[in-house]
Amino acid sequence: MNITVWRAIGAKPWRFWFSRWPWLTLLYLFSSAMLGLVLLPMIAMTFVFIPLWGLAVGALERRRLKLLGFARIENAHVRVGADERHNWLNIRMTEAATWRDVGGLFATLLMGWLGLALLVVEAVGLAAIVAIVASATHGPFRMNISAGVSVEMMPSDIWKACAAGLVALAVAAYVNAILVAGQASLSRFLLSPRQAELERYIERLTRSRVSLVEAFEQERRRIERDLHDGVQQELVALSVRLGLAEIDLEHAAQSGANVREARQAVAVAHDHTEHALRSLRATVRGIHPAVLTDHGLAAALQELAGRAGLPIELDATLVQRASAASEGCAYFTVSEAITNAVKHSSATIIHIAAQTTAHELIVTVTDNGHGGADETLGTGIRGLKERAETLGGALNVDSPPGGPTMLRLRLPAATTLTAIAAG
């Protein structure tokens, strides 16, 4: 646990005096005094920029507080994204945290000048004691305390002046520490984020993440549509034309023409076109299967099970459709689970269960493989877990050594997702 200046003050006096704290508090007090000297004319000359100076000084104070052992203060301001930087000033001016920073600015200014006055008094007192000791070493020295009251210092009394100086230094160390600790506590109170601000910040992050997922899903569907309606149709047309060319060459061969090499070239081109078409269709399914958009998750899982390469037991009880983002996350989670089972688990059968409730979409994938799956070793399941959490759901993996491996995905229904996005 970090030792703060308050804990240091509460320790035994000799522990405090012979520690680093008197020097740290003196350094902090001196820096506060310098800030006070700089800020006063700066504020006077640029009064309209006080909120900006408040932001700058607030950021500086958050760093200076760590010098006194305090934990790092989280920034109370919302993070402004790249798309909102043009509106940065308006956002900052409407935040309560900005005006607390302004309060912190004036607190720093006031405490800086108090610190400066204290340092001046301490410097004058120390200089007076040094002067008294130096004068007393040269013989009797009469010191006027007040009107009509004076004290004569002899060389033999030097030890008294030195003792008084040590006591003054010991007291000054505590006075400095208390003033600095008070300023630090005031700064922490003003600069720390409030609970409501943290909740709004989390809400803002949630909305942003949901918006990113939905935008990502829309982009996937656009790419799938462009490939399906564009390149795929062109390849189909090319395959048809090559088929017609083969028929024409067959007719030419029947007429006695030598078309052997041409027929071979067209056949090879036709085979390559069919291969490219099959690859493109597989790619389109990987980007976003059309059956998922058109017919829903149950049909998409049925189609996925049909080409899994392992026996699949599918139990899909989906009385309603979830949001597109939730269905997409469920589909690709099942696809990843099947791929992992085929490649790594030596499973012979996979059971998939999917159901919807009033508020949730729940999908479970279980295989009878040897288990021992570690989600931290790959990026597939980890990425799907992050995606599920972004949508307000959760993905849990249970894979003990010896099996079975079970993935359980819980996602919000469309109404819940809409509530998250709306904040």
Side-chain angles (χ1 to χ4, degrees), residues 209 212-213 216-217 219-221 223-224 227 278-293 295-318 322-356 360-412 417:
R209 293 178 70 182
L212 284 175
V213 170
F216 180 64
E217 287 297 326
E219 186 64 14
R220 288 172 73 119
R221 288 194 293 270
I223 294 173
E224 181 270 335
L227 290 176
R278 288 193 298 270
S279 299
L280 181 61
R281 284 169 177 162
T283 301
V284 168
R285 282 197 301 268
I287 294 173
H288 192 88
V291 65
L292 179 64
T293 302
H295 303 288
L297 182 60
L301 293 180
Q302 186 68 47
E303 188 267 345
L304 188 62
R307 54 184 175 86
L310 277 178
I312 302 289
E313 293 182 353
L314 177 61
D315 179 14
T317 308
L318 305 173
S323 68
S326 292
E327 287 189 343
C329 182
Y331 176 86
F332 288 109
T333 299
V334 173
S335 178
E336 180 72 18
I338 293 174
T339 300
N340 290 341
V342 172
K343 288 184 177 180
H344 307 298
S345 73
S346 303
T348 58
I349 190 169
I350 300 174
H351 180 76
I352 303 172
Q355 62 176 332
T356 53
E360 282 188 319
L361 167 63
I362 304 172
V363 178
T364 304
V365 183
T366 307
D367 69 62
N368 64 346
H370 55 64
D374 188 352
E375 61 190 88
T376 63
L377 296 180
T379 59
I381 294 296
R382 187 166 65 246
L384 290 169
K385 288 190 70 169
E386 293 174 356
R387 184 173 177 180
E389 290 169 359
T390 297
L391 295 173
L395 173 61
N396 298 314
V397 180
D398 183 17
S399 182
T405 296
M406 184 178 72
L407 278 74
R408 184 174 178 82
L409 175 68
R410 304 177 71 95
L411 292 170
L417 182 61

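With Ile352 as the partner, the side-chain contact (heavy atoms from CB on, under 4.5 Å) test is satisfied by one option alone out of Leu407, Leu314, Thr364: Leu314.
The closest side-chain heavy-atom distance from Leu409 to Val365 is not below 4.5 Å.
Here Thr366 contributes atom OG1 and His351 contributes atom NE2; the two are 6.5 Å apart, rounded to the nearest 0.5 Å. Atom CG of Leu310 and atom CG of Asp367 lie 8.5 Å apart (nearest 0.5 Å). From Asn396, atom CG reaches atom CZ of Arg408 across 8.5 Å, with rounding to the nearest 0.5 Å. Between the CG atom in Leu411 and the OG atom in Ser323 there is a gap of 7.5 Å [rounded to 0.5 Å]. Once rounded to the nearest 0.5 Å, the distance linking CG of Leu361 with SG of Cys329 reads 9.0 Å.
Here the side chain of His370 pairs a donor or acceptor atom with the backbone of His344 at under 3.5 angstrom.
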Exercise. Just do the side-chain contact (heavy atoms from CB on, under 4.5 Å) check on Val363 and Thr333 with the steps written out, would you?
Key: CA-CA 9 Å; Val363 178; Thr333 299; over 6 Å; no
Practice problem: Take Thr356 and Leu297 through the test side-chain contact (heavy atoms from CB on, under 4.5 Å) and record every step on the way to the result. | Solution: CA-CA 11 Å; Thr356 53; Leu297 182 60; over 6 Å; no
Practice problem: Give the intermediate values and the outcome of side chain to side chain donor-acceptor pair (under 3.5 Å) for residues Thr348 and Asn368. | Solution: CA-CA 7 Å; Thr348 58; Asn368 64 346; 2.7 Å; yes
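Closest non-hydrogen pair, Ser399 versus Thr405, comes out as OG-OG1, 2.7 Å. Nearest heavy-atom pair across Leu395 and Lys385 is O-CE, 3.1 Å. Among all heavy-atom pairs drawn from Ser326 and Pro412, the shortest one is OG-O, 3.1 Å.
Ion pair Glu303/Arg307 flagged as a salt bridge, since at least one NZ, NE, NH1 or NH2 atom sits closer than 4.0 Å to an Asp/Glu carboxylate oxygen.
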